[in-house]
Amino acid sequence: MKQVIAAIKGTRDFYPENMAIRAWLYETIKTISQRYGYQEYEGPFLEPIELYAAKSGEELVKEQSFVFPDRSGELITLRPELTPTLARMVAQRQKQLIFPLRWWSFGPFWRYEKPQKGRSREFFQWNIDLIGLNTPEADAELLSVIVSFFKLVGLSSAQVKIFINDRKLMEDQLNQLGIPPERRSAVFRLIDRKEKMEFKEWQAYAQEEGLNTSQINGIVNLLQNTELWQTSPNLIRIFQALENESASDYIEFDPNIIRGLDYYTSTVFEAKDIGGTVRRSILGGGRYDDLLAAVGGDPLPAVGFAMGDVVISLILQEYGCIPANIYAHPAKVLVTTFSNDTLSHSLKLAHHLREKGVNVITYPEPVNLNKQLKYADRVKIPYAIILGPDEIAIDRFALKSLSSGEQIQLAWDEIDTKLLPLLVGERDS
RNA sequence: GUGCCAGUAGCUCAAUUGGCAGAGCAUCGCACUGUGGAUGCGAGGGUUGUGGGUUCGAGACCCAUCUGGCACCCCA
């Protein structure tokens with residue numbers, strides 16, 4: 001094979017079979033978002049770097065964003081996340097928008113990461129946010145959206161789970177241990193790594209961060225205390241709200257959940273594959289009550305989450321949740337071509353059927369029928385129409401079912417009554 | 001950005017201590033030029049990711065590089 005120019009590292013080519021999955025995922029996300037009354041929106045893919053600078057977290061902006069100068073020298077960022085854009089869009093029209101505001105989006109994002117399974121440099125993300133409410137029941141609504149999505153695609157609570165925590169709860173606990181607020185982000189990082197390190201290593205790391213033995217032990221106890229949520233009025237009300245809709249099976253308190261983005265203020269959550277092999281988190285989100293003020297708007301409470309397409313697609317494939325019929329066939333019928341002399345008859349019939357709303361493929365080269373039928377079979381077109389001199393002579397055409405092999409002769413005036421019922425209906429992809 | 005592993009036909013993989021690059025599936029042709037899936041026969045297909053080096057000789061060894069995977073880092 002000749003040299004093909006390679007794709008950009010970490011990008012994906014969506015061949016039709018992959019595109020069908022992406023489109024199906026989009027439709028599923030749209031269905032769920034709309035079921036809860038959320039409206040679709042979209043922002044620019046290019047943003048000024050300042051939008052993210054102070055709000056998203058050092059690492060995300062400095063290490064993981066695609067940033068380059070445009071022709072005037074201004075630094076342009078390929079958006080690594082949507083929430084700051086959303087905050088800006090809301091702040092710009094804060095006086096005219098109607099709150100509470102429910103918006104969702106599904107679009108591309110870029111992060112300069114090392115590509116591996118479940119992680120690419122260009123990916124799609126479902127973002128959904130509820131702005132203008134600061135009740136725990138608003139947080140519960142977003143969690144309910146997630147559970148509904150999992151149920152719709154067929155993921156059980158034995159396969160995926162949402163782990164939830166409250167940063168305020170953790171901050172109170174750290175205060176009680178005598179850890180001052182300015183140490184908090186370092187200690188949050190410490191908590192984040194606890195699971196990944198050997199205990200002794202982690203202990204040493206904690207000492208380096210300036211924690212004394214009783215503080216370290218206090219944190220260890222904290223992270224093992226699965227009943228801690230009962231001291232959080234916020235989490236209690238969230239769990240209560242979710243009891244109304246049999247979502248509780250999917251949701252579990254986990255004091256280890258902290259999350260990397262700096263703008264979360266209270267509830268934080270993350271969904272994971274617990275029954276399978278995919279280690280990365282499926283989605284993450286939480287409450288961010290200060291972000292609107294930070295981008296120049298009036299203060300507004302908000303809660304939301306983001307789900308990337310890469311991990312969820314892997315998991316859906318792993319559990320066999322992707323319907324087989326989403327990439328069924330490119331058309332309902334192939335109108336074959338017998339010879340150059342009969343070509344116009346075939347094209348005319350094909351056009352007639354298309355005007356009736358049928359998805360039709362023609363074979364604009366009179367190769368032998370053998371080949372044409374084999375083609376139809378291989379691309380899974382369910383019917384073939386054969387229109388040779390014999391049929392033309394009696395003003396009819398033959399319809400062959402590729403699944404049964406049966407063939408019938410039809411007259412043109414039987415198209416509406418006999419042919420269309422077979423060919424219209426089930427969606428082609 | 002760090003460490004480790006891998007890359008051979010369209011796909012999945014083989015090739016003994018460094019000694020003639022192969023198989024299955026797929027493709028194409030024929031049996032079967034007015035009927036697909038099955039079967040049989042035959043054919044085409046490769047700068048072994050790329051670029052250097054060692055060697056009489058490299059798919060294999062060495063260096064660099066690209067791409068992917070695993071563990072970090074981070075996160076959707």
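Chain letters run A, B, ... following the sequence lines, proteins first, then strands; residues in each count from 1. Basis for what follows: all heavy atoms, side chains included, without hydrogens, waters or symmetry-related copies.
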Are any of A/Lys371's side-chain N or O atoms less than 4.0 Å away from OP1 or OP2 of B/G29?
yes
Paired to B/C4 by Watson-Crick or G-U wobble criteria (both distances under 3.5 Å) is B/G69
Classify the ring geometry between A/Phe124 and A/Phe14 as parallel (under 30°), tilted (30 to 60°) or perpendicular (over 60°).
perpendicular
Charged N-O contact under 4.0 Å between A/Asp254 and A/Lys161
no
Can you check whether A/Arg378 has a side-chain N or O nearer than 4.0 Å to OP1 or OP2 of B/U27?
yes
Could you tell me whether a side-chain N or O of A/Arg88 sits under 3.5 Å from a main-chain N or O of A/Leu51, the two making a donor and an acceptor?
no
Please state whether the phosphate of B/U35, meaning OP1 or OP2, lies under 4.0 angstrom from any side-chain nitrogen or oxygen of A/Asn370.
no
So which nucleotide does B/G22 pair with, by the Watson-Crick or G-U wobble rule with both distances under 3.5 Å?
B/C13
Contacts of A/Ala398 and A/Ile282 projected onto RNA chain B by closest heavy atom; the upstream (5') one is A/Ala398
RNA chain B nearest-nucleotide lookup for A/Gly118 and A/Gly405: closer to the 5′ end is A/Gly405
According to a strict under-4.0 Å criterion, is A/Lys9 in side-chain N/O contact with OP1 or OP2 of B/U67?
yes
Please report the distance separating the P of B/A6 from the corresponding atom of B/C61, rounded so that it comes out in whole Å.
9 Å
Quick check on B/C73: is either OP1 or OP2 less than 4.0 Å from any side-chain nitrogen or oxygen of A/Arg189?
no
Taking the P atom of each, how far is B/G68 from B/C32, in whole Å?
50 Å
The nucleotide from B/U2, B/U35, B/U33 with an atom nearest the side chain of A/Lys114 is B/U2
Within the 4.0 Å heavy-atom criterion, would you say A/Pro115 contacts the bases, only the backbone, or no part of the nucleic acid?
sugar-phosphate
Atom CD of residue position A/Gln39 - does it have more than 12 heavy atoms of other residues, nucleotides or ligands inside 6.0 Å?
no
P gap between B/U65 and B/C70, integer Å:
23 Å
How close do A/Pro100 and A/Leu130 get, heavy atom to heavy atom, and via which atoms?
CB-CD1, 4.0 Å
Complement of B/U50, any strand, by Watson-Crick or G-U distances under 3.5 angstrom
B/A64
Taking atom P in both B/A38 and B/C28, what distance in whole Å separates the two?
13 Å
For B/G34, give the paired nucleotide (Watson-Crick: N1-N3 plus N6-O4 or O6-N4; G-U: N1-O2 and O6-N3; both under 3.5 Å), or none.
none
Under 4.0 angstrom, heavy atoms only, what part of the nucleic acid is A/Ile312 near: base, sugar-phosphate, or nothing?
nothing
Under 3.5 Å donor-acceptor pair, A/Gln407 side-chain atoms to B/U35 base atoms
yes
If pairing means Watson-Crick or G-U wobble with both distances under 3.5 Å, then the partner of B/G29 is B/C41
Euclidean distance for P, B/C20 against B/A26 (whole angstrom):
30 Å
No-H, no-angle donor-acceptor pair, A/Glu113 side chain to B/G1 base, under 3.5 Å:
no
